[in-house]
Structures are given as C-alpha cells and as structure tokens.
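First up is the structure itself, then whatever we jot down about it.
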Amino acid sequence: MYSETSATEEPAAARGAVAIITNLRGELLLHLRDDLPAIAWPAHWSLLGGGCDPGEAPARAIVRELDEEAGLAADALTELFETRDEHGSGQIITFFAAVWDGDETSLPLSEGVKLQFFAPEHLDILTIPPFIRDGIHRHLAARPS
C-alpha cells in the first residue's frame with residue numbers, strides 16, 4: 001500500500017498559542033497554572049493560551065483560549081513570533097500581543113489558580129517556563145522606549 005509520508009518524514013509538530021497582554025501601565029497579565037503533575041509547567045506563572053485543535057490556526061486558537069480560560073476578548077491581537085517549548089510540551093508556540101486594561105480579578109478564570117498583572121521589573125522573581133520568559137523578554141526588548 002502507498003503511503004504519502006516517507007519513513008524519514010516527521011509528523012507535524014503540535015502547535016500552541018499564547019498572548020502577551022499588557023495594560024496601559026505596561027504591566028503584563030500572567031496566569032498561575034494549576035499544580036497538577038499531568039500538565040506542562042505545573043505551578044508556574046505563564047501567559048494565557050494553549051494548544052491548537054487539529055487543523056486550527058494559532059490566530060483562531062488564541063482567541064478561543066482567551067475566551068475559554070478567562071472570558072477575555074482582547075482587541076487587536078498582533079502576531080509576534082514563534083518559538084518551541086524545548087523543555088516541556090515540545091510544541092511550536094506562536095506568541096501574540098494585545099492590550100487589555102480591565103480588572104483581572106473580575107475575569108471568570110476557568111483554568112489555573114490566579115490571574116495577575118505584573119510590572120516587567122518584577123518578572124525575575126516569578127517561576128516562569130523558560131520559553132515563556134524568553135518570549136516576554138524578546139517582546140519587551142523590541143518595544144519602542
């Protein structure tokens with residue numbers, strides 16, 4: 001039987017999407033993940049987001065994930081760059097940016113423990129997955145001063 005995939009080809013990599021959401025003060029919205037051994041990066045502060053469903057584009061996935069996880073509809077999501085979670089899920093992650101200036105404690109969080117805005121200078125004391133920390137620093141370095 002003929003197969004369209006050769007033995008040397010790798011299957012398509014799993015994909016995910018996360019959003020760097022800032023408020024008008026320049027603080028970043030982070031999500032404290034559940035402390036469950038079955039999930040990637042348990043008990044770490046991360047960005048809102050998640051995996052793409054089969055056939056789903058990252059831009060559609062981030063809109064869905066923001067709504068599902070926090071009832072959040074961020075305006076004007078901008079695609080930034082992609083990276084790979086080398087030490088966790090192995091997914092290729094697309095980073096997006098948006099501005100939302102609401103009260104994070106009023107969001108209906110459906111996953112994780114807490115949402116909180118942090119000033120960029122306070123991020124170093126938080127436990128953040130390395131690829132998320134790198135993505136945040138990359139984004140902050142590219143912003144105009």
Side-chain angles (χ1 to χ4, degrees), residues 3-5 7-143:
S3 170
E4 292 187 30
T5 305
T8 59
E9 287 183 50
E10 293 184 24
R15 298 191 61 87
V18 295
I20 298 173
I21 297 174
T22 55
N23 61 20
L24 296 179
R25 294 175 303 284
E27 298 168 325
L28 292 95
L29 183 63
L30 295 181
H31 174 231
L32 181 56
R33 295 175 58 79
D34 288 308
D35 191 6
L36 301 172
I39 66 171
W41 303 107
H44 280 66
W45 287 96
S46 193
L47 299 170
L48 287 169
C52 298
D53 289 338
E56 183 180 41
R60 182 173 290 273
I62 193 59
V63 170
R64 176 181 53 75
E65 287 286 346
L66 290 174
D67 181 53
E68 286 177 3
E69 291 183 1
L72 184 59
D75 293 329
L77 279 162
T78 302
E79 187 171 331
L80 300 173
F81 48 80
E82 291 182 344
T83 191
R84 184 181 294 271
D85 177 6
E86 297 287 353
H87 304 289
S89 68
Q91 289 183 328
I92 296 170
I93 306 294
T94 304
F95 280 71
F96 292 85
V99 174
W100 181 76
D101 202 40
D103 174 7
E104 73 274 25
T105 64
S106 70
L107 293 171
L109 187 62
S110 67
E111 292 181 23
V113 177
K114 182 179 187 179
L115 288 171
Q116 186 172 336
F117 277 109
F118 289 94
E121 60 269 20
H122 296 144
L123 298 182
D124 289 343
I125 64 170
L126 300 176
T127 304
I128 299 174
F131 77 102
I132 295 291
R133 185 179 299 281
D134 291 347
I136 290 170
H137 285 302
R138 182 175 171 184
H139 172 64
L140 292 175
R143 289 193 317 187

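What's counted below: heavy atoms across the whole structure, side chains too, no hydrogens, waters or symmetry copies.
- In this structure, the separation between CZ on Phe96 and CG on Leu80 is 8.0 Å, given to the nearest 0.5 Å.
- Taken from CG in Asp101 to OG1 in Thr22, the straight-line distance is 9.0 Å, to the nearest 0.5 Å.
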Fill in: Trace of the side-chain contact (heavy atoms from CB on, under 4.5 Å) decision for Leu72 with Leu115
CA-CA 12 Å; Leu72 184 59; Leu115 288 171; over 6 Å; no
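- Here the straight-line distance linking atom OG1 of Thr94 with atom CD of Glu79 works out to 5.5 Å at 0.5 Å rounding.
- To the nearest 0.5 Å, the span separating CD on Glu68 from CG on Leu48 amounts to 11.5 Å.
- A search for ring pair (Phe, Tyr, Trp, His ring centres under 6.0 Å) contacts involving Phe95 returns Phe81, not counting sequence neighbours.
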Item to complete: Could you give me the CA-CA distance, side-chain angles and deciding distance for Leu107 and Leu109, then say whether side-chain contact (heavy atoms from CB on, under 4.5 Å) is met?
Response: CA-CA 6 Å; Leu107 293 171; Leu109 187 62; 5.8 Å; no
Sequence neighbours left out, cut at 3.5 Å: what donor-acceptor pairs do the side chains of residues 26-34 make with other protein atoms?
unit_1 : atom_1 : unit_2 : atom_2 : d
Glu27  : OE1    : Asn23  : ND2    : 2.7
Glu27  : OE1    : Arg25  : NE     : 3.2
Glu27  : OE1    : Arg25  : NH2    : 3.1
His31  : NE2    : Glu111 : O      : 2.8
Arg33  : NE     : Ala40  : O      : 2.9
Arg33  : NE     : Trp41  : O      : 3.2
Arg33  : NH2    : Ala40  : O      : 2.6
Asp34  : OD2    : Gly112 : N      : 3.1

Can I get a per-line list of side-chain donor-acceptor pairs under 3.5 Å for residues 123-139, giving both atom names and the distance, sequence neighbours left out?
unit_1 : atom_1 : unit_2 : atom_2 : d
Arg133 : NH1    : Leu123 : O      : 3.1
Arg133 : NH2    : Leu126 : O      : 2.5

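- With values rounded to the nearest 0.5 angstrom, Arg84 atom CZ is found 9.0 Å from Arg15 atom CZ.
- Counting all heavy atoms, side chain and backbone alike, Ile62 lies closest to Ala19 at CD1-N, 3.7 Å.
- In terms of heavy-atom proximity, Leu77 sits nearest to Ala98 at CD2-CB, 3.6 Å.
- Minimum heavy-atom separation, Pro58 to Cys52: CA-SG, 3.8 Å.
- Across all their heavy atoms, Leu140 and Pro120 have their closest contact at CD1-CB, 3.9 Å.
- We find the CD-NZ distance between Glu104 and Lys114 to be 8.5 Å, quoted to the nearest 0.5 Å.
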